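For reference, the structure is listed below as structure tokens.
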Amino acid sequence: MHDIRLIRENPQAFDAGLARRGLAPLSEQILAADASVRALQTEIQASLARRNEASKLIGQAMASGDKDKAEALKAEVAELKTALPAKEEAEREQLAALQDMLAALPNLPVADVPDGMDEDGNVEIARWGTPRTFDFAPQEHADFAPALGLDFETAAKMSGARFAFLKGQMARLERALGQFMIDRQTIDAGYTECATPLMVRDDAAFGTTQLPKFRDDLFQTTDGRWLISTSEMSLTNAVREEILPEADLPIRMTALTPCFRSEAGSAGRDTRGYIRQHQFWKVELVSIVRPEDSDAELERKTRAAETILEALELPYRKMLLCAGDMGFAARKTYDLEVWLPGQNSYREISSCSNCGDFQARRMNTRFRREGAKGNEFVHTLNGSGLAVGRTLVAILENYQQADGSVDIPAALLPYMGGITRLSP
RNA sequence: GGAGAGUUGGCUGAGUGGUCGAAAGCGUCGCACUCGAAAUGCGAAGUGCCGGCAACGGUACCGAGGGUUCGAAUCCCUCACUCUCCUCCA
């Protein structure tokens, strides 16, 4: 949510930010609505002031036994009150319209985010690892993994497309990956392990910006709750409506949870394989920090995600997303893309974003600086560390052998109960 | 699912339909005392919004939203959440 005061102070900068996001200028429309609301407020407040004054006088008149004066004042208040409801209604409606308008606008990019409208504008920052050279033609996981226990047909029977049924060694490998990742993030990177609700209310979904704009991407329960599309939703909302002591910051939380996505807008994309599912496991990394610390925290968080890929010896590249390709809540985002030899391309496996105070405003999460009076909004960050399902895909494709088997990366062996290779 | 009790400022916690933005305590900040600190004493201090260059004035806020009333933290209704008991249950 944007701060209306900043828009008032510098509408040109606001429109320039929107333009970088590929949006038309809106400051004029917003400020007109804002001015109209404020004019109404002033008018209403003048009426209320007179009403309050008259009410006090009524009390005094009654006390002194001046019935006539009291009745005259009551008549005046009654008259004031006939005009008031319409004005208050207008004010409510206009304010709601203004807030709806603001709630639908994405966060704006910071200065060092490159221009660009889509993924072609993203800038490669770094590359790690060398893609393996194969002495055979590497296959896509969708072609050889079913023989190893990644079963789409069984899942389709009961659940339809975009689900998988993992069996035996394959299920074990996915579980091992989740355990390995959450251990690294808690033991090495200093995140606190959390187990969170997988369903949240409207308010929470609004706070992390899945609502109101992206409701079609979520699954909803029969009693009106939302299945989390990422544990960013449940972790970040842990501090909603809180006033945190400065000494508590930074707060770093992680969770290994299933994520549920309707994939409404992605018909036809990644329909084969395990890349894009309605349900997948992910280790999420959320940080709540002081404003001055969020830039450094984004670097730290991204590094925590990179470390997992390096431990698994999976080649990747680090992308700085351009203004037009960032998620709704982000002011700056790094994507990590893992090398998939079967697809001969890099694919997103982690996305780490600094949201600034954008989510904090929606959640009303503040902190109290030591010695200072007043509260400030915190900054929030989130990132995947990593998406477990896609990491499974990366391991299958990068560690595949000519005979259709897959070697287990050394870092995972302690989690595999003696299995060193997946075999058909 | 049933019954009851609650939700008040940074925290704990009083509160009679008008004098309540709200006692008291804790914590915070300033000053005094002190070489310094502690202790003590004195004092200050809620947040949003509107108007104003400002001083300041107005308005709203006692879980959320409605209602009654000239006037609501206080009375009524709905909802959310917390706690207790019963019921059910992995």
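Each chain gets a letter, A, B and so on, in the order the sequences are listed, and its residues count up from 1. Since the structure is predicted, the reported quantities are computational estimates derived from the model, not experimental observations.
Per the geometry, CD belonging to A/E43 stands 16 Å off C1' belonging to B/rC49, to the nearest Å. Note: CD (A/E241) to P (B/rU7) measures 18 Å, nearest angstrom. Between A/F377 atom CZ and B/rU47 atom P there is a gap of 13 Å when expressed in whole angstrom units. We find that CD of A/E376 is positioned 15 Å from C1' of B/rU47, with the value rounded to whole Å. Across the protein-nucleic acid pair, A/F367 atom CZ and B/rU47 atom P stand 15 Å apart, rounded to whole Å. Atom CD of A/E246 is separated from atom P of B/rC29 by 13 Å (rounded to the nearest Å). In this structure, the CG atom of A/N237 is 15 Å from the P atom of B/rC81, given to the nearest Å. At whole-Å resolution of the value, CZ in A/R369 and P in B/rC29 are 15 Å apart.
Taking atom P on both B/rG43 and B/rG6, the two are 37 Å apart, rounded to the nearest angstrom. With both ends at atom C1', the span from B/rC62 to B/rC75 equals 16 Å, rounded to whole Å. Taking atom C1' in both B/rG2 and B/rC76, the straight-line distance is 24 Å, to the nearest Å.
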Q. How does each nucleotide of nucleotides 55-61 of chain B score, in 5' to 3' order, for protein heavy atoms under 4.0 Å: base (B), sugar-phosphate only (S), or none (-)?
A. ---BSS-
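At a threshold of 4.0 Å, the pair A/R162-A/E263 does not count as salt-bridged, since none of the basic side-chain nitrogens sits closer than that to a carboxylate oxygen. A salt bridge does not link A/K332 to A/D295: none of the charged side-chain nitrogens sits closer than 4.0 Å to a carboxylate oxygen. A salt bridge between A/K318 and A/D335 is absent, with no side-chain N of the basic residue lying under 4.0 Å from a carboxylate O of the acidic one. Between A/E376 and A/R369 there is a salt bridge, since at least one side-chain N of the basic residue sits less than 4.0 Å from a carboxylate O of the acidic one. Note on A/R303 versus A/E297: no salt bridge recorded, every NZ/NE/NH1/NH2 to OD/OE distance being 4.0 Å or above.
The aromatic rings of A/F163 and A/H278 lie tilted to each other, with the angle between the two planes from 30° to 60°.
Note on A/R8: only backbone sugar-phosphate atoms sit closer than 4.0 angstrom, heavy atoms only; bases stay farther off.
More than 12 heavy atoms of other residues, nucleotides or ligands lie within 6.0 Å of CD in A/E292, so this atom counts as buried by the packing criterion.
Side-chain atoms of A/Q139 and A/Q400 form no donor-acceptor pair, as typed in the model, at a separation below 3.5 Å.
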Q | Secondary structure of RNA chain B in dot-bracket form (Watson-Crick or G-U wobble, distances below 3.5 Å, | marking inter-strand pairs) | A | ((((((((.[[[..)..(.....]]].(((((.......))))).((((((....)))))).[[[[[..)....]]]]])))))))....
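Closest-nucleotide positions on RNA chain B for A/D34 and A/I243 were compared, and the one nearer the 5' end corresponds to A/I243. Checking A/R366 against A/R201, the closest nucleotide of RNA chain B that is more toward the 5' end is the one next to A/R366.
Applying the salt bridge (Lys or Arg N to Asp or Glu O under 4.0 Å) rule to A/D407 yields the partners A/R421; only residues at least two apart in sequence or on another chain are considered.
A/H379 and A/F358 have their aromatic ring centers separated by at least 6.0 angstrom.
A/R38 has a side-chain polar atom (N or O) that falls below the 4.0 Å cut-off from OP1 or OP2 of B/rG51.
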